[in-house]
2 protein chains.
Amino acid sequence: MSLDAGSSKALYRQLADILRSAILRGDYAPGEPIPSESELIATHAVSRTTARQAMALLGNEGLVIIGHGRRATVRPRSPVRRLARTRLSRAERQHSGGTFMADAAASNSRPETETTIVIEPADAETASLLGVDEGTSVLQRRRRMLLDGRPAQLATSYLPADLARGTQIEQRDTGPGGIYARLEELGHTLSRFVEVVATRMPLPAEIDALQLSPGTPVLIVTRTAYDNDDKPVEINRMTIAGNLYELAYDIPAN
Amino acid sequence: MSLDAGSSKALYRQLADILRSAILRGDYAPGEPIPSESELIATHAVSRTTARQAMALLGNEGLVIIGHGRRATVRPRSPVRRLARTRLSRAERQHSGGTFMADAAASNSRPETETTIVIEPADAETASLLGVDEGTSVLQRRRRMLLDGRPAQLATSYLPADLARGTQIEQRDTGPGGIYARLEELGHTLSRFVEVVATRMPLPAEIDALQLSPGTPVLIVTRTAYDNDDKPVEINRMTIAGNLYELAYDIPAN
DNA sequence: CAGTGGTCTAGACCACAAG
DNA sequence: TTGTGGTCTAGACCACTGC
């Protein structure tokens, strides 16, 4: 409960340990303030730097929210929304405005989408995923989705420009059922999706766009849609706030 | 390229921006050293604290690896292993020592597993997932898996103790096909799995067990195995180093 | 041994939040 | 206005790495 100056463990780490234990034990409830810097300085006889190092450590662990001018608080467990990937079934896709809209409807939230559409040559990675040559013209639909006014995820779709030319896929509003419905109308009947899930810390632009607080990682989901010839027809790269979402996958046992 | 003391942006953030851009641009290759604190101090006329704040920021973003006594280096992109969840098919399960072994075999690595087996009363969350009453005796198989001597993931299986009593599931070595094969032999034919994927920053114990460097989030996968009556028979909670793994899911388009 | 990063202190001034 | 956290400085001593 008190600091040991002789310990090989740094003072600020010991201090962080004390606070972390207290938080995990529930001494400070989610949303409640933890001791201020001044209090830590007084209680544990350390310098301000040491107190701040301890706080910063907990902030980067995602345990506390530190904000200018207000006391640091225990990070509330945000209500986690579950994104069920079964929503990719054809039936689900068709009577909704795409997977995001389906998820929004399921969670009783007001969805908004900002869309930017550009055509650019494919970089090496995108080209490889889409099965086209590097430099091939690719249509990018960059979207920022919000739920109830709060940023939820970033998503960019990539399709060969040839394939989308002159179709509603080039429009802001892709119509009922979204891109996938349009693709099937074009004769690209979809056979399966592959989603690859990874995680990393967000870049500053992503922190900004998703309004993330320190210590919040993002989920990076790369979805590839394959047609009946097992040819990739669309790539969707998603960046999802790790504190707000979890992904659920259903896997048959055979 | 140079710092602006009048800017509203903190000096250390400006400095971090400069370094980050240089790294992302490729000026410093992965694994290569970035400027030392002394160099930053000399080049940009800042105090050591400011230089260190900038470095720490990049460290927490996972862009650089900072180590005592050695120069900070650009974080090398670890070879990412893909964990294909199709490996959960019955055919795959049966001729391997479980999903971890299957993945290891697929990646030509030498797998090791440390296993601890305990029986404990279920906490509220586990009870709810397993569909049993809180406090019911639950068998826990805690495993730490290593590939080529390096920690790869932590996994704990939870099964109702009644169900596992007297079976090989209570042993360290669960035999060919692992737990799932034993469950099916016991009459619990598996119908499906649900995997829920989330991410967060690791706790100190996890950092230690997985040898994670700062700025590395973990993937938290909770897998539930259901039998033919759609009753959960096993829960598997996995903690996976986010810099080493990605998960691949195959989703039929229907 | 020299160079690098790790920890810690004391003190200063600023910016934001809330009463 | 008061208290809180944000930024920055100068300086000191320590511990690890690698020549």
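Lettering of chains follows the sequences in order, A, B, ..., and the numbering in each one begins at 1.
Counting to the nearest Å, the C1' atom of D:dT7 and the CG atom of B:Asp4 are 15 Å from each other. One atom, CD of A:Gln14, and another, C1' of C:dC8, lie 13 Å apart when rounded to the nearest Å. At whole-Å resolution of the value, CE in B:Met55 and P in C:dT4 are 10 Å apart. In this entry the distance linking CD of A:Glu37 with P of C:dC16 reads 16 Å, nearest Å. At whole-Å resolution of the value, CZ in A:Arg52 and P in D:dG5 are 8 Å apart. The distance between atom CG of A:Leu15 and atom P of C:dT9, rounded to the nearest whole Å, is 11 Å. B:Leu11 places its CG atom 17 Å from the P atom of C:dC13, with the value rounded to the nearest Å. Atom NZ of B:Lys9 and atom P of D:dT7 are 12 Å apart (whole Å).
No side-chain donor-acceptor contact under 3.5 Å links B:Thr216 and A:Arg200. A donor-acceptor contact closer than 3.5 angstrom is absent between the side chains of A:Ser157 and A:Arg223.
Considering B:Asp27, B:Leu58, B:Ile23 in turn, B:Ile23 is the only one that fulfils the side chain to side chain contact (heavy atoms under 4.5 Å, CB included) rule with B:Val74.
In terms of position along DNA chain C, the nucleotide closest to B:Ile34 lies nearer the 5' end than the nucleotide closest to the other residue of the pair B:Ile34 and A:Gln53. Between B:Thr50 and A:Ala72, it is A:Ala72 whose nearest contact on DNA chain D lies nearer the 5' terminus.
Dashed line: the shortest gap from a side-chain N or O of A:Arg13 to OP1 or OP2 of C:dT7 is under 4.0 Å. One finds a side-chain N or O of A:Tyr12 lying less than 4.0 angstrom from the OP1 or OP2 phosphate oxygen of C:dT7. For C:dT4, the OP1/OP2 oxygens have a side-chain nitrogen or oxygen of B:Ser38 closer than 4.0 Å.
Considering every non-hydrogen atom in both A:Thr199 and B:Pro217, the closest pair reads OG1-CG, 3.5 Å.
Counting any heavy atom pair closer than 4.0 Å across all strands shown, A:Thr49 reaches a base atom.
Donor-acceptor pairing under 3.5 Å, judged by distance alone, is absent between the side chain of A:Arg48 and the base of D:dT4.
Residue B:Glu246 holds its CD atom at 8.5 Å from CG of B:Leu83, rounded to the nearest 0.5 Å. Taken from CG in A:Leu63 to OG1 in A:Thr73, the straight-line distance is 11.5 Å, to the nearest 0.5 Å.
The side chain of A:Arg71 has D:dT4 as its nearest neighbour among D:dG6, D:dC8, D:dT4. Picking from D:dT9, C:dT9, C:dT4 the nucleotide with the shortest atom distance to the side chain of A:Ser47 gives C:dT9. Between C:dG5, D:dC8, C:dC8, one nucleotide has an atom nearer to the side chain of A:Ala10 than all others, and that is C:dC8.
Within the 3.5 Å criterion, the main-chain N or O of B:Gly31 finds no donor-acceptor partner in the side chain of B:Arg75. Panel note: side chain A:Arg144, backbone A:Ala209; a donor-acceptor pair is recorded below 3.5 Å.
Looking at residues 63-70 of chain A, you'll see A:His68, A:Gly69, A:Arg70 sit with a heavy atom under 4.0 Å from some atom of DNA chain C.
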